[in-house]
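The basis for the numbers below is simple: all heavy atoms, side chains too, and nothing from hydrogens, waters or symmetry mates. In what follows, every chain begins at residue 1, and chains take the letters A, B, ... in the order their sequences are listed.
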There are 2 protein chains.
Amino acid sequence: MAERAGVSVASVSRVLSGNYPVSEDLRRRVMKVVRDLDYVTNAHARSLAGGGTPTVAILINNITGAAFAHVAKGVEGAATLRGWLSLVGTTGDDPERELALVNLMRQQGVAAVVLLGGAYDYDEYQLRMARFARSLDAAGSHLVLVGRPPLEGDVPATTVDYDNEGGAYAMASHLLSAGHRRVLVLPGPAELTTAQGRLRGAERAFEAYGVPFDPGMVRYGPYDDEHGYSAVETALHETPDFTAVLAGTDVVAAGAMQALRAAGLRVPEDVSIVGYDDIPLASQLTPQLTTVHVPYEEMGRVALRAVADRREGGGGRRKGADGDHLVLGTHVVVRNSVQPPSTGR
Amino acid sequence: MAERAGVSVASVSRVLSGNYPVSEDLRRRVMKVVRDLDYVTNAHARSLAGGGTPTVAILINNITGAAFAHVAKGVEGAATLRGWLSLVGTTGDDPERELALVNLMRQQGVAAVVLLGGAYDYDEYQLRMARFARSLDAAGSHLVLVGRPPLEGDVPATTVDYDNEGGAYAMASHLLSAGHRRVLVLPGPAELTTAQGRLRGAERAFEAYGVPFDPGMVRYGPYDDEHGYSAVETALHETPDFTAVLAGTDVVAAGAMQALRAAGLRVPEDVSIVGYDDIPLASQLTPQLTTVHVPYEEMGRVALRAVADRREGGGGRRKGADGDHLVLGTHVVVRNSVQPPSTGR
DNA sequence: TTGAAAGCGGTACCAC
DNA sequence: GTGGTACCGCTTTCAA
């Protein structure tokens, strides 16, 4: 390339990276050859030499989840805006694969690794993440946890979270204030941190309303529509006196809605339903689902901004300071799936 | 690293890449230091030197589309299986951004660039893609088009497609054989190749059934629920005699369903609805949507396999031979959103 | 089996 | 303003 244009490699570099004054003549000469050869610089060589495009890695359990897709969109969008690149890897809920991916990303020299989605709260979790955080930090990278519990102690990681429990509290309150007392609760998988938080929020709401919370009305299970369906189906036999369903996610709510209809019950006339997440599905169902809006895309943007700032800011703000744990708000979106309990049931 | 272990860099390389016989002693010595230092090789240096992990780039309009997410999952899954890495970039339907991304990927030295989703059939399309294909090919990479029209002429690209028109033909036939004659057709955006194919399939079915196809019953618009809603709303005023809706995608069908309900019409008793894509939404709606199944995830897997084979196979099969254009089948999934037309309407 | 050394394709510092 | 050149960290001959 350099010889083809009859100039030095240094000059080519200067023209292409554009961070150095060059004569018009030289620039023209180089650019002509670039066009002739359809030339692009080698990103690997560039990275090796110090320059290079910063890259964020997004690690996700399952790329087909709507909520995660929105976070990814937020990260990707914000990254693109800054000229950063984004890598995506899926873990399939497999800890080994997660580890492998974190290391792979470390090899790639990514600026940050963003881990998405509620975590299973097994004992090792804190240790495992702390290890990731330190590994990445030592390699000049940074760990960002999105929608997961923050790390305890002095660990070099950033957490972007949302008010999970508060959203559930508000959602349950909405049901309670409409007059519902017997509520079927489908929090999600018992071990998942998000499910735990949502359940806790609901309990607190019941407490605040002075309504006894019946643990027998809680049914754990995966965050999918099949669980929503079967849980309602079972409940219809065992504890059929519920007048509302508080689902852990919109997808679970969709399943619940189908089960009710299959049993000849109307929504919301006979039974009210609420969801959580506010993914597009919520407004595609009939009736449109009253749910908790979680700012997924915004979280993605915030996550990227956090690492970008920390990069630019350089030695500016110290770790341990504010900014290591960001919490975004949630709010109830009222649509058409809630009505006061019918006197008939 | 090498000195820390008291061995040569060559030896370290041999141990870590594991493609060369090494003594047990050396291996142990190196691995110990690797663990001590939490060391990972630099992927950029490795790529530069010739080795390196093959990477596929997935370019997508909008990461939040369920159909695309499934293709991405297929590609990513198959890539992971082979130890490949996947990059994801979103174009936001912006041709400039698409170009920028293709070049960016070329810089990254990706093994292949997979372009997802129906293309806008503007004049330049063929030229543009041919240019991409040649650029990538010259750089030792390869272009794969998924769900897009194949390229004409001798262009170094692979196309993975599905029987779009056939699916629409079958879907429309299903409606016709149920007795529907006045069908509201919402193909999607007029310029999008997938929409054109779906419309063509529907027309052919009408022809085959000897039923005159009324162009006045066709309403173009974006592939989203809002369009489905407003199109039905309008049609209810202008051509209210339809007994079924043939939607271009499941999402459009969801919008259509809502509009019908808002107008006090029942689905499928008063009006039948069918979709296209068979994304999870289709079975989450009530009634569950009869739709055309498109093997999105499979397409992703096939796309990756195609490039992987071509890589391994080396000079094996010639371009221009079979294998450059793969077409997967589609089929109708019958659920509960279709009924013979009611005599009342 | 292991080490030495020549690149891979850039960047950036140092002369001219 | 431009050219020369020493690395960046790894893979891969070539010798020992």
Taking the side chain as everything from C-beta on, heavy atoms only, tell me whether B/L85 gets closer than 4.5 Å to B/L87.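 Result no, sub-4.5 Å side-chain heavy-atom pair not found.
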
Report yes if the side chains of A/L99 and A/R128 come closer than 4.5 Å at any heavy-atom pair, otherwise no.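 A/L99 reaches A/R128 side chain to side chain.
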
Judged by modelled atom types alone, do A/T64 and A/N62 share a side-chain donor-acceptor pair under 3.5 Å?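 Yes.
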
Any donor-acceptor N or O pair under 3.5 Å, side chains B/H142, B/T158: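 The criterion, which ignores hydrogens and geometry beyond distance, is satisfied for B/T158 and B/H142.
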
Output the rounded distance in Å from [atom1] ([X]) to [atom2] ([N]).
X      : N      : atom1 : atom2 : result
A/Q107 : D/dC10 : CD    : P     : 10 Å
A/R28  : D/dT2  : CZ    : C1'   : 17 Å
B/Q108 : C/dG9  : CD    : C1'   : 14 Å
A/N42  : C/dT11 : CG    : P     : 10 Å
A/L16  : C/dT11 : CG    : P     : 7 Å
A/H44  : C/dG7  : NE2   : C1'   : 17 Å
A/R46  : D/dG9  : CZ    : P     : 18 Å
B/N19  : D/dC10 : CG    : C1'   : 12 Å

In terms of the nearest nucleotide of DNA chain C, which residue is placed more toward the 5' end: A/A49 or B/E24?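 Its nearest nucleotide lies further toward 5', so the answer is B/E24.
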
Contacts under 3.5 Å, N or O only, protein and nucleotides 3-5 of chain C:
residue: C/dG3; atom: OP2; partner: B/S8; partner atom: N; Å: 3.3
residue: C/dG3; atom: OP2; partner: B/S8; partner atom: OG; Å: 3.1
residue: C/dG3; atom: OP2; partner: B/S11; partner atom: OG; Å: 2.4
residue: C/dG3; atom: N7; partner: B/R14; partner atom: NH1; Å: 3.2
residue: C/dG3; atom: O6; partner: B/R14; partner atom: NH2; Å: 2.6

Any side-chain N or O of A/Y39 below 4.0 angstrom from OP1/OP2 of C/dG9?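 No, A/Y39 has no side-chain N/O under 4.0 Å of OP1/OP2 on C/dG9.
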
Measuring to OP1 and OP2 of C/dG10, would you say a side-chain N or O of A/S47 lies under 4.0 angstrom away?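 Negative; the distance criterion is not met.
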
Listing, residues 1-9 of chain A side-chain donor-acceptor contacts under 3.5 Å, not counting sequence neighbours, or none:
residue: A/S8; atom: OG; partner: A/A10; partner atom: N; Å: 3.4
residue: A/S8; atom: OG; partner: A/S11; partner atom: N; Å: 3.2
residue: A/S8; atom: OG; partner: A/S11; partner atom: OG; Å: 3.1

Listed pairs under 3.5 Å, donor-acceptor, residues 14-21 of chain A side chains, sequence neighbours left out:
residue: A/S17; atom: OG; partner: A/S13; partner atom: O; Å: 2.6
residue: A/S17; atom: OG; partner: A/N19; partner atom: OD1; Å: 3.2

Could you tell me whether A/S13 contacts a base, only the sugar-phosphate backbone, or nothing, with contacts defined as non-hydrogen atoms closer than 4.0 Å?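 Base contact - A/S13 has a heavy atom under 4.0 Å of at least one base atom.
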
Parallel, tilted or perpendicular: which fits the ring planes of B/H44 and A/H44, with parallel below 30° and perpendicular above 60°?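 The rings of B/H44 and A/H44 sit tilted, inter-plane angle from 30° to 60°.
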
Let's see if you can work this out: which of C/dC8, D/dT2, D/dC10 has an atom nearest to the side-chain heavy atoms of A/V22?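 Selected nucleotide: D/dT2.
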
